[in-house]
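Report on the structure given below.
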Amino acid sequence: MEIQNRLSEDLKTAMKAKEKIKVETIRMVRAQLKDFQIAKGDELNEEDEISVLINAAKKRKEALELYEKSDRQDLIEQEKQELEIISAYLPAQLSKEEVEKVVLKVIEEVGASSPQDLGKVMGATMKVLKGKADGRMLQEIVREKLS
């Protein structure tokens, strides 16, 4: 609920300051949170809120890649701004070195020894690092450590 409260307060501030993109982005995120809450049929906890924010940020990153390939500068700028706004509500991202330490610890805990154990390690690591590390970077690190 803390994230939803921050979003509400920031929405009011953005509306007063007439920050159009921030208002639209916050409204979109609040709608996604509400949709998720309806689908869940219960109040959202912080983990649920972070999950929705991660999903929204991921969509922006994918859209950015597509727009960059299409050379659509107008849309690239908007997606970057939206991604920046959404990222402000996510937990701080861990550095590559910090993620490597967690991955090595998880590999030791689950007893992984080969690339065939990728699924076990990824599942356990994602639970530990939920929202704190990029999934692609995490997968690259796990593959590297299991090779």
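Below, all heavy atoms of this structure are taken into account, side chains as well, without hydrogens, waters or symmetry copies. The shown structure was predicted, so the numbers you read here are calculated from the model rather than taken from an experiment.
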Are side-chain heavy atoms of [X] and [Y] found at a separation under 4.5 Å?
{"X": "Pro91", "Y": "Ile50", "result": "yes"}
{"X": "Ile86", "Y": "Met28", "result": "yes"}
{"X": "Lys80", "Y": "Leu64", "result": "yes"}
{"X": "Lys20", "Y": "Glu24", "result": "yes"}
{"X": "Glu79", "Y": "Leu83", "result": "no"}
{"X": "Lys34", "Y": "Gln37", "result": "yes"}
{"X": "Arg30", "Y": "Gln4", "result": "no"}

Hey, are [Y] and [X] close enough side-chain-wise for a donor-acceptor pair under 3.5 Å?
{"X": "Tyr89", "Y": "Asp10", "answer": "yes"}
{"X": "Ser95", "Y": "Glu98", "answer": "yes"}
{"X": "Asp71", "Y": "Gln73", "answer": "yes"}
{"X": "Gln78", "Y": "Glu82", "answer": "yes"}

Give the minimum heavy-atom separation between Ala124 and Val110, together with the two atoms involved. CB-CG1, 4.3 Å

